[in-house]
Amino acid sequence: MTRATPFSARNLTPALVGGPVLTGDNVADLRGFAYDVCDQIGAPATYATHSGYRVTDYAALYISSVEWTSGDVTALVLIAEALSAGVPVHGPQDPRKAVRCDLCAVALNVYVAPGHRGDMLCGVCRYEDVACAWCLEPSDDDARMDPFESGSTWWPAHHGCIAEGLRVHGPEAFVTQ
């Protein structure tokens, strides 16, 4: 069974998430922040554990808000490459500037672009812009989506689609082709 690539016109291009990666705790923090990015912008989010990513393949670079050490330059390389290529770089959201989703009131701790009417919506509430990585159908009240991790990428997907993807293709269900 062949399935379509997990991106559609309704989906945003994936985001790249960078930050410190020298320790296991750093990578765990980065992984958690990538989950937040996927959940709040409604698009796939890949956390960068090395500097070998091509930043132009991503819609934006999100930088986590954890402490840095002088020897950890992975994210700094990605930031420099993104800035030179014109890829938007979003730093940590200042808690004083944090907003809430206008529909569900969930706190948005990552940069979320305003909707076409100027409203601030999380990925779950941005139904018309978000498509499931498996079936490419939008989210709605009956078929909500959650981030699902495959490799170093979090994918927005319906609960049933996650189960079906794993049943049909195993752990490789959401790996890009």
Side-chain angles (χ1 to χ4, degrees), residues 4-95 97-99 106-113 122-124 126 129-134 136 145-157 161-162 165-166 169-177:
T5 179
F7 305 109
S8 77
R10 288 185 303 242
N11 257 20
L12 300 171
T13 304
L16 186 61
V17 180
V21 293
L22 280 182
T23 69
D25 286 344
N26 290 151
V27 173
D29 290 341
L30 186 62
R31 179 179 169 265
F33 187 66
Y35 174 94
D36 288 346
V37 170
C38 176
D39 188 45
Q40 294 178 29
I41 70 170
T46 299
Y47 53 98
T49 56
H50 55 81
S51 60
Y53 293 87
R54 187 173 20 194
V55 295
T56 55
D57 290 345
Y58 298 89
L61 174 63
Y62 285 80
I63 302 301
S64 68
S65 58
V66 294
E67 292 186 23
W68 298 76
T69 60
S70 61
D72 200 343
V73 298
T74 299
L76 299 176
V77 170
L78 294 172
I79 292 168
E81 289 175 357
L83 291 173
S84 80
V87 175
V89 176
H90 302 295
Q93 183 83 323
D94 184 329
K97 293 181 181 178
V99 296
V106 69
L108 303 174
N109 65 337
V110 301
Y111 171 80
V112 176
C122 67
V124 172
R126 200 180 293 258
D129 295 337
V130 179
C132 174
W134 179 258
L136 304 178
M145 291 191 283
D146 280 320
F148 171 78
E149 187 177 23
S150 180
S152 61
T153 301
W154 289 97
W155 302 88
C161 291
I162 293 169
L166 293 173
H169 293 285
E172 301 298 313
F174 292 89
V175 175
T176 57
Q177 298 173 351

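Please read all numbers here as calculations on a predicted model, not as lab measurements.
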Under 3.5 Å donor-acceptor, Gln40 side chain and Val112 backbone: no
Exam field: side chain Asn26 to backbone Pro20, donor-acceptor pair closer than 3.5 Å: no
Heavy atoms only: give me the nearest [X]-[Y] pair and the separation to one decimal.
{"X": "Ala75", "Y": "Gly19", "answer": "CB-N, 3.5 Å"}
{"X": "Leu78", "Y": "Ser51", "answer": "CD2-O, 3.9 Å"}
{"X": "Thr49", "Y": "Val21", "answer": "O-CG2, 3.8 Å"}
{"X": "Trp154", "Y": "Arg31", "answer": "NE1-O, 3.2 Å"}
{"X": "Gly71", "Y": "Leu22", "answer": "C-CD1, 3.9 Å"}
{"X": "Val17", "Y": "Ala45", "answer": "CG2-CB, 4.2 Å"}

Distance flag, aromatic centroids of Trp155 and Phe148, threshold under 6.0 Å: no
Could you state the interatomic distance from [atom1] ([X]) to [atom2] ([Y]), rounded to the nearest 0.5 Å?
{"X": "Cys38", "Y": "Glu149", "atom1": "SG", "atom2": "CD", "answer": "10.5 Å"}
{"X": "Tyr47", "Y": "Asp29", "atom1": "OH", "atom2": "CG", "answer": "12.0 Å"}
{"X": "Ile79", "Y": "Thr74", "atom1": "CD1", "atom2": "OG1", "answer": "10.5 Å"}
{"X": "Thr46", "Y": "Tyr53", "atom1": "OG1", "atom2": "OH", "answer": "6.5 Å"}
{"X": "Ile63", "Y": "Leu16", "atom1": "CD1", "atom2": "CG", "answer": "8.0 Å"}

4.5 Å side-chain heavy-atom contact, [X] and [Y]:
{"X": "Leu108", "Y": "Val106", "result": "yes"}
{"X": "Tyr62", "Y": "Phe33", "result": "yes"}
{"X": "Pro92", "Y": "Ser64", "result": "no"}

